[in-house]
There are 2 protein chains.
Amino acid sequence: MEHIHDHSKEINVVKKELPNDSLLCDLGDIFKLFGDTTRIKILYALLESELCVCAICELLGMEQSAISHQLRILKNANLVTSKRSGKMSIYSLADEHVREIIELGFEHLTEV
Amino acid sequence: MEHIHDHSKEINVVKKELPNDSLLCDLGDIFKLFGDTTRIKILYALLESELCVCAICELLGMEQSAISHQLRILKNANLVTSKRSGKMSIYSLADEHVREIIELGFEHLTEV
DNA sequence: CTTTCATATGAATGTACATACATATGATAA
DNA sequence: TTATCATATGTATGTACATTCATATGAAAG
């Protein structure tokens with residue numbers, strides 16, 4: 001695109017309101033966490049009850065390795081926490097933001 | 001994993017509350033839309049003002065083709081709408097859910 | 001009509017990432 | 001200690017998808 005017509009008015013207004021790249025990137029990363037079916041299922045399950053890794057595997061019908069990898073991602077993002085209980089690791093939600101975000105997604109889903 | 005210990009109590013409770021696969025998949029797809037930096041930027045910009053494709057390109061410093069592809073994805077998902085104005089296509093947000101979802105994401109970002 | 005600008009779209013490419021496999025670590029029991 | 005269960009993690013692989021390039025379509029002007 002060589003000949004761009006003038007948008008300076010609109011663009012300058014918008015540009016001021018737009019957060020910096022790093023922040024927008026972080027924001028995208030948060031939604032990316034919710035953008036995977038496996039992770040959504042895990043988070044949704046944890047909304048109901050804390051669960052050990054093995055229970056999540058059985059619930060989703062997936063391999064333990066896959067679940068553990070996803071749990072680590074969720075933990076690094078501070079969406080879930082874990083505690084040891086003997087041989088097991090029990091995972092639970094870190095806070096209520098997860099519930100709010102999922103519910104908001106559902107709203108959009110049902111209203112369109 | 002051959003020898004799975006018994007989780008039937010917890011699992012049965014959670015299983016009843018878990019939506020079906022198709023619904024969870026759709027839910028994930030919505031968040032996937034917000035999980036890309038380019039799309040987040042576009043949506044954020046449209047929160048401030050309706051914009052033509054060319055303005056978005058200039059604002060984000062990206063190629064027109066890339067922007068158009070992303071706009072199509074957002075339009076197919078009913079997050080944005082477009083209208084023709086001469087040679088230009090003006091894009092705007094379809095509803096206020098976008099604002100709510102982005103704001104909620106920001107909350108999580110700033111509180112952790 | 002032809003030309004030019006604005007946008008849309010098909011195809012190719014590179015990258016990010018979810019899963020599988022193999023293996024390591026941690027914890028309890030014998 | 002060794003054996004077994006539960007989980008974690010490193011690596012490889014396949015797939016999904018964002019961007020680019022090239023081109024097509026749409027709209028206005030000359």
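Here is the naming used below: chain letters follow the sequence lines, and residue numbers restart at 1 for every chain. All figures in this text were calculated on a predicted structure; none of them were measured in a lab.
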For atom CE of A/M62 and atom C1' of C/dA20, their distance in whole Å: 10 Å
Nucleotide nearest A/Y91 when distance is taken to its side chain, options D/dA6, C/dA8, D/dA8: D/dA8
Residue-phosphate contact under 4.0 Å: A/S68 side-chain N/O, D/dT9 OP1/OP2: no
Inter- and intrachain pairs under side chain to side chain donor-acceptor pair (under 3.5 Å), touching residues 21-34 of chain A, at least two apart: A/D21-B/K41
hbond_proxy B/Q64 side chain to C/dA6 base (donor-acceptor, 3.5 Å cutoff): no
Contact list for DNA chain D against residues 33-50 of chain B - heavy-atom distance below 4.0 Å: B/D36, B/T38, B/R39
Whole angstrom value for the distance that separates C1' of C/dA8 from CG of B/L71: 11 Å
Whole angstrom value for the distance that separates P of C/dT19 from CD of A/E63: 11 Å
A/R84 vs D/dT7: side-chain N/O to OP1/OP2 distance below 4.0 Å: no
Quiz item: B/S65 side-chain donor-acceptor pair to C/dT9 base, under 3.5 Å: yes
A/I56 CD1 to D/dT7 C1', straight-line distance once rounded to whole Å: 12 Å
Short side-chain N/O contact to D/dT9 OP1/OP2 from A/R72, under 4.0 Å: yes
Any protein N or O atoms within reach of nucleotides 28-30 of chain C? Criterion: under 3.5 Å, listing atom names and distances.
none

Touch class at under 4.0 angstrom, heavy-atom based, for A/K32 against every strand present: sugar-phosphate
